[in-house]
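Numbering starts at 1 and runs along the sequence shown. Model, not experiment: these values are computed from the prediction.
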Amino acid sequence: MNQTKTSPSESTDRAMMQRAIRLAAQAGAIGEVPIGAVVYETATGAVLGEASNRRERDRSPTGHAEHDAICRAARATGDWRLNHCSLAVTLEPCCMCAGLIVNARIGRVVFGAADPKAGAVRTLHQLLEDARLNHQCEVVPGVLAPECAKLLTAFFRELRGSTTDA
């Protein structure tokens, strides 16, 4: 019998994306756009930082899940260089977050849903693999994409519905 074996990296990526999805769901439950992010050591899977969107709570344009998770990971390691880390995020990072990923030297980015309006990793731009920049990272798109997209779709459907009910 020929079975497909999942590599440790794939199973770790899926587990971290599931963790990011839980964070995203928690954010959505309190009115934040449901996006979650987890920074983990690529080799061991040890979580170094995690966060969900906080733009509304903090009234800050930098309150993106990736931003907070990366900053927490840098504090946890005592170093801004995170070459040995992967970032799992439920939505394709925007230009701001992609710039931060490059500057933090993240080794790998695993994302769920593509972002046709602001995606800077594969959809609108390919910043993380741009050879003109001083750092490139491995990109793993579409991990648990349907689950990630469903959270966002449901959130915005409910938001539109609540604004038209009055």
Side-chain angles (χ1 to χ4, degrees), residues 3-58 62-73 76 82 85-101 104 106-129 137-164:
Q3 292 183 344
T4 304
K5 186 176 180 184
T6 303
S7 73
S9 176
E10 284 179 42
S11 62
T12 301
D13 291 346
R14 289 176 65 83
M16 293 301 150
M17 187 60 73
Q18 288 168 338
R19 190 173 181 134
I21 289 169
R22 285 192 297 275
L23 291 164
Q26 292 169 2
I30 60 168
E32 291 284 349
V33 175
I35 300 171
V38 179
V39 176
Y40 55 100
E41 289 183 346
T42 303
T44 66
V47 173
L48 300 172
E50 61 185 9
S52 59
N53 265 18
R54 296 184 54 93
R55 289 194 326 176
E56 298 301 325
R57 283 179 283 182
D58 294 352
T62 64
H64 290 207
E66 304 95 317
H67 179 277
D68 288 355
I70 290 168
C71 289
R72 289 175 183 172
L82 300 172
C85 296
S86 294
L87 166 69
V89 59
T90 56
L91 182 65
E92 178 181 4
C94 68
C95 288
M96 176 183 73
C97 293
L100 179 60
I101 290 163
I106 299 282
R108 297 172 68 246
V109 171
V110 178
F111 73 86
D115 186 350
K117 293 184 179 181
V121 175
R122 288 281 169 91
T123 306
L124 296 178
H125 307 284
Q126 295 79 42
L127 291 177
L128 301 185
E129 298 170 307
C137 65
E138 179 185 348
V139 175
V140 182
V143 175
L144 302 178
E147 294 91 330
C148 296
K150 183 178 175 184
L151 274 173
L152 290 158
T153 301
F155 176 82
F156 286 111
R157 183 176 294 130
E158 186 175 319
L159 187 66
R160 283 190 302 272
S162 67
T163 59
T164 59

Undergrad: Do Asn53 side-chain atoms and Pro34 backbone N/O form a donor-acceptor pair below 3.5 Å?
TA: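 No: the side chain of Asn53 does not pair with the backbone of Pro34.
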Undergrad: How many angstroms lie between CD1 in Ile101 and CG in Leu82, if you round to the nearest 0.5 Å?
TA: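 Spacing of CD1 (Ile101) from CG (Leu82) equals 11.0 Å.
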Undergrad: Determine whether Ser86 and Glu41 make a side-chain contact, defined as any pair of heavy atoms from C-beta on separated by less than 4.5 Å.
TA: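 No; the side chains remain at least 4.5 Å from each other.
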Undergrad: Does Val39 form a side-chain contact (heavy atoms from CB on, under 4.5 Å) with Val47? I'd like the steps, not just the answer.
TA: CA-CA 6 Å; Val39 176; Val47 173; over 6 Å; no
Undergrad: Do any N or O atoms from the side chain of Glu92 and from the backbone of Phe111 form a donor-acceptor pair under 3.5 angstrom?
TA: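 Answer holds: no.
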Undergrad: With a 4.5 Å limit on heavy-atom distance, are the side chains of Leu151 and Ile21 in contact?
TA: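 The answer is yes; the side chains approach within 4.5 Å.
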Undergrad: In the structure I gave you, are the side-chain heavy atoms of Leu100 and His64 within less than 4.5 Å of one another anywhere?
TA: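 Not touching, per the 4.5 Å side-chain cut-off.
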Undergrad: Can you find a heavy atom in the side chain of Arg55 that is under 4.5 Å from one in the side chain of Thr62?
TA: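 No, every pair of side-chain atoms sits at 4.5 Å or beyond.
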Undergrad: Of Glu10, Met16, Met17, which is the lone residue that meets side-chain contact (heavy atoms from CB on, under 4.5 Å) with Val143?
TA: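 The side-chain contact (heavy atoms from CB on, under 4.5 Å) with Val143 is passed solely by Met17 among Glu10, Met16, Met17.
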Undergrad: Below 4.0 angstrom, N of the basic side chain to O of the carboxylate: do Arg19 and Glu50 qualify?
TA: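 Yes, charged N to carboxylate O under 4.0 Å.
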Undergrad: Using a 4.5 Å cut-off on heavy atoms from C-beta on, say whether the side chain of Ile106 contacts that of Leu128.
TA: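 No, every pair of side-chain atoms sits at 4.5 Å or beyond.
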Undergrad: Starting at CG of Leu144, measure out to CZ of Arg14 and round the result to the nearest 0.5 Å.
TA: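 Result: 4.5 Å between the selected atoms.
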Undergrad: Considering all heavy atoms of both residues, which atom of Gly107 and which atom of Cys137 are nearest to each other, and what is their separation?
TA: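 Taking Gly107 first and Cys137 second, the nearest heavy atoms are O-CB, 3.2 Å.
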Undergrad: So, do Pro93 and Glu66 sit near enough that their side-chain heavy atoms are less than 4.5 Å apart?
TA: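 Sidechains of Glu66 and Pro93: in contact.
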Undergrad: Do Ser52 side-chain atoms and Ala24 backbone N/O form a donor-acceptor pair below 3.5 Å?
TA: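 No, the answer is negative, given that no donor and acceptor are paired below the 3.5 Å cut-off.
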Undergrad: Where do Ala37 and Ala20 come nearest, in terms of heavy atoms and distance?
TA: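 It is N-CB, 4.1 Å.
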Undergrad: Using 0.5 Å steps for rounding, measure from the OG1 atom of Thr123 to the CG atom of Asp115.
TA: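 Those atoms lie 6.5 Å apart.
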Undergrad: Can you find a pair of side-chain heavy atoms, one from Val121 and one from Leu127, that are under 4.5 Å apart?
TA: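 They are not in contact (no side-chain heavy atoms under 4.5 Å apart), so the answer is no.
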Undergrad: Which distance, rounded to the nearest 0.5 Å, do you find between the SG of Cys85 and the CD1 of Ile70?
TA: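 Reported to 0.5 Å precision, the distance equals 9.5 Å.
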Undergrad: Heavy-atom distance under 4.5 Å between the side chains of Arg72 and Leu48, does that happen here?
TA: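 Answer no - side chains too far apart.
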Undergrad: Give the intermediate values and the outcome of side-chain contact (heavy atoms from CB on, under 4.5 Å) for residues Leu87 and Tyr40.
TA: CA-CA 7 Å; Leu87 166 69; Tyr40 55 100; over 6 Å; no
Undergrad: Quick check against the 3.5 Å criterion: does Gln126 have a side-chain atom that pairs as donor or acceptor with the backbone of Arg122?
TA: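 Yes, because the side chain of Gln126 sits within donor-acceptor range (under 3.5 Å) of the backbone of Arg122.
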Undergrad: Yes or no on salt bridge (charged side-chain N to carboxylate O under 4.0 Å, His left out) for Arg57 and Glu32, after CA distance, side-chain angles and deciding distance?
TA: CA-CA 8 Å; Arg57 283 179 283 182; Glu32 291 284 349; 3.6 Å; yes
Undergrad: Under the 3.5 angstrom rule, does the side chain of Thr90 hit a backbone N or O of Cys148 as a donor-acceptor pair?
TA: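 No, because the side chain of Thr90 does not come within donor-acceptor range (under 3.5 Å) of the backbone of Cys148.
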